[in-house]
Protein chains: 2
Amino acid sequence: MVPTKVKNADTSVTIEVDGKPVGKASAKARPLTRIQREKQNVILEAALDVFAVHGFRGSTIDQIADVAGMSKPNLLYYFPRKEEIHRRLISELLVTWLAPLREMDADGDPFPEIRSYIRRKLEMARDYPRESRLFANEMLQGAPHIIEMIEIDLKNLVDEKAGVLLGWMDEGKLARADPYHLIFSIWATTQHYADFDVQVRAVLGPSRGGEGRFEDAARYLEQLFLYGLTPRAKV
Amino acid sequence: MVPTKVKNADTSVTIEVDGKPVGKASAKARPLTRIQREKQNVILEAALDVFAVHGFRGSTIDQIADVAGMSKPNLLYYFPRKEEIHRRLISELLVTWLAPLREMDADGDPFPEIRSYIRRKLEMARDYPRESRLFANEMLQGAPHIIEMIEIDLKNLVDEKAGVLLGWMDEGKLARADPYHLIFSIWATTQHYADFDVQVRAVLGPSRGGEGRFEDAARYLEQLFLYGLTPRAKV
DNA sequence: CTAACATTTTTCCAACTGGTCAAAATTCTT
DNA sequence: AAGAATTTTGACCAGTTGGAAAAATGTTAG
């Protein structure tokens, strides 16, 4: 009874015995060829385009293959199922997505730290809007594919950073406020510029809806998080 | 050549002449029967459930019919096409959605006004999360069905309210800040609790993720918008 | 150059999709 | 209670969808 290699192109090589899959065989997995690496990236790029707009169910393999410039069966040669593509995108995403928060440094001072956290998130909204929308789509659906990661990895990270924020508050360097909702409000206000981009642009109009809107947003948010909207004596 | 009534069940009765639709005939439209009103509502409810999670393309008539507890052809008797259902939901939505902002009163004082605007939006996130998600889904897709309404009605309303905010700033009752981004930040922070509900709950954990989260959010946001995060001497 | 492997294309399929239609069942009106 | 109108159902259809299989074509290490 000799195991049979069924496919190589996919990252996760499937091994069968008597026609039944017996799990990944990392030992047997060959290194990806040049073409495999390139094509997988092309596909993931295309899939990001499509999934970000239509969500998982609303996207079709045909659509993705079309954007990727290849035939559907050819695409399926690299990712044997639609879910596989989505899984890859989503899991890569979470790492990238949490990076800015990870960088928030307990040894720094709260305002520079929060300020640059907001900046980084805003830059991500500007430079990676598709990723933001992919994430938003997943959330809207109840995060079916990443709920455990959210409940464990994300929660742990946020718990830790909430602790950092509380520390700063104890030192009197930061106003006392719910650290969790503080983090939520940073997420919300920054990702809004990616997820609701159409609305933002439509409301700002042609004159103010250009690239400058991110600078305006950064300035405004900085003020909001620093001082709120209470008028101050003199600036 | 006598016009023929083709359907009555739909709100928009179609009249045909020689088999070609010649537009709505509000004159001929009979009042909806009891069953029609009831069933249409059942369908719209079900569709809201489904569309809010899966978006337009990702939702199927079968799914909606299933949730509505009727057969697909029966559902199609009331709404002859999928788009019709979606259109109805979306257009009803926009009216409801803008109501809280409309209520912001130029003659009031800025802080009570902004404060209750935030409360109202937060209540909507709590009580109408499906509507919020339907809206978010539409935005993520680039608002294909409501772009003109966004560009005209919404923009006009926001322009007007931005004027109100600027007025308050001129009077020195409100810190000078970009009024458009101010409004965006209220939208973002409040709708976040509907659209990213899973995440919020997962991060807060069972202890703090209960219904109380909306009260916590309200308290936090109030502080944020009022004073920001700069520590104040004494509360 | 060629055998072994990787890639691509062609063809196909079963399940699902949005939607039609006529007949049957129900409800309403008189 | 009967006839008319409305509502519901079941059978059906053409197009789309995710995916399988195999043949055809490319690529590359020896």
Side-chain angles (χ1 to χ4, degrees), chain A residues 4-16 19-21 28-43 46-47 50-51 54-88, chain B residues 4-14 16 19 21 28-43 46-47 50-51 54-88:
Chain A
T4 322
K5 184 159 65 60
V6 173
K7 286 233 169 137
N8 188 354
D10 185 48
T11 354
S12 56
V13 175
T14 307
I15 298 291
E16 295 185 359
K20 292 170 154 202
K28 288 233 164 194
R30 314 229 166 131
L32 298 178
T33 68
R34 172 185 53 88
I35 292 182
Q36 281 168 355
R37 243 169 305 133
E38 286 172 8
K39 292 287 167 90
Q40 286 195 4
N41 285 339
V42 171
I43 293 170
V50 178
F51 283 139
H54 297 290
F56 181 74
R57 285 224 43 186
S59 305
T60 70
I61 302 185
D62 282 292
Q63 241 180 128
I64 298 170
D66 208 49
V67 174
M70 63 179 75
S71 68
K72 177 170 64 170
N74 196 183
L75 182 150
L76 283 166
Y77 170 70
Y78 292 102
F79 290 91
R81 32 210 75 243
K82 189 184 168 187
E83 276 213 335
E84 211 76 21
I85 312 176
H86 193 252
R87 202 197 322 276
R88 270 281 289 276
Chain B
T4 322
K5 185 160 64 63
V6 172
K7 286 235 168 136
N8 188 354
D10 185 47
T11 354
S12 54
V13 175
T14 307
E16 296 185 358
K28 288 232 162 191
R30 316 225 167 131
L32 298 178
T33 68
R34 173 187 54 87
I35 293 183
Q36 281 166 356
R37 242 170 306 129
E38 286 173 7
K39 290 290 166 91
Q40 285 194 7
N41 285 339
V42 172
I43 292 170
V50 177
F51 283 140
H54 293 108
F56 182 74
R57 286 223 40 188
S59 305
T60 70
I61 301 184
D62 283 290
Q63 243 179 126
I64 298 170
D66 207 50
V67 175
M70 62 179 73
S71 68
K72 177 168 63 169
N74 196 184
L75 181 150
L76 284 166
Y77 171 71
Y78 293 101
F79 290 91
R81 30 211 74 243
K82 189 184 169 188
E83 276 215 334
E84 212 76 21
I85 311 176
H86 193 252
R87 201 196 324 275
R88 270 280 290 273

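Chain letters run A, B, ... following the sequence lines, proteins first and then strands; every chain starts at 1.
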Side-chain N or O of [X] versus OP1/OP2 of [N]: is the shortest distance under 4.0 Å?
X: A:Ser71; N: C:dT9; answer: yes
X: B:Arg81; N: C:dG18; answer: no
X: B:Arg57; N: C:dG18; answer: no
X: A:Asn74; N: C:dT9; answer: yes
X: B:Tyr77; N: D:dT8; answer: no

_By the 4.0 Å heavy-atom rule, please label A:Thr60 as base, sugar-phosphate, or nothing._
sugar-phosphate
_What verdict does the side-chain contact (heavy atoms from CB on, under 4.5 Å) test give for A:Thr60 and A:His54, after you've listed the backbone C-alpha separation in whole Å, the side-chain angles of each residue and the deciding distance to 0.1 Å?_
CA-CA 9 Å; A:Thr60 70; A:His54 297 290; over 6 Å; no
_Donor-acceptor pair, side chain of A:Lys82 and main chain of A:Ser59, under 3.5 angstrom_ = yes
*Classify the angle between the aromatic ring planes of A:Phe51 and A:Phe56 as parallel (below 30°), tilted (30 to 60°) or perpendicular (above 60°).*
parallel
Can you tell me how far [atom2] of [N] sits from [atom1] of [X], to the nearest Å?
X: A:Ile43; N: C:dT7; atom1: CD1; atom2: P; answer: 11 Å
X: B:Gln36; N: D:dT8; atom1: CD; atom2: C1'; answer: 13 Å
X: A:Leu76; N: D:dA21; atom1: CG; atom2: P; answer: 13 Å
X: A:Phe79; N: D:dG18; atom1: CZ; atom2: P; answer: 16 Å
X: A:Ile85; N: D:dG19; atom1: CD1; atom2: C1'; answer: 12 Å
X: A:Lys82; N: D:dT17; atom1: NZ; atom2: P; answer: 9 Å
X: A:Ile64; N: D:dG19; atom1: CD1; atom2: C1'; answer: 14 Å
X: B:His86; N: C:dG19; atom1: NE2; atom2: C1'; answer: 19 Å

_A:Phe79 vs A:Arg88 side-chain heavy atoms within contact, under 4.5 Å_ = yes
*asked:* Checking side chain to side chain contact (heavy atoms under 4.5 Å, CB included) between B:Leu76 and each of B:Ile43, B:Ile61, B:Ile85, which is the one that passes?
replied: B:Ile61
*Side chain of A:Lys72, base of D:dG18: donor and acceptor closer than 3.5 Å?*
yes
*With respect to the side chain of A:Tyr78, which nucleotide from D:dT17, C:dT20, C:dT8 is positioned closest?*
C:dT8
*Which listed nucleotide (C:dT20, D:dT17, D:dT8) is nearest to the side chain of A:Asp62?*
D:dT17
*Using the closest heavy atom to pick a nucleotide of DNA chain D for each, name whichever of A:Pro73 or A:Gln63 lands nearer the 5' end.*
A:Gln63
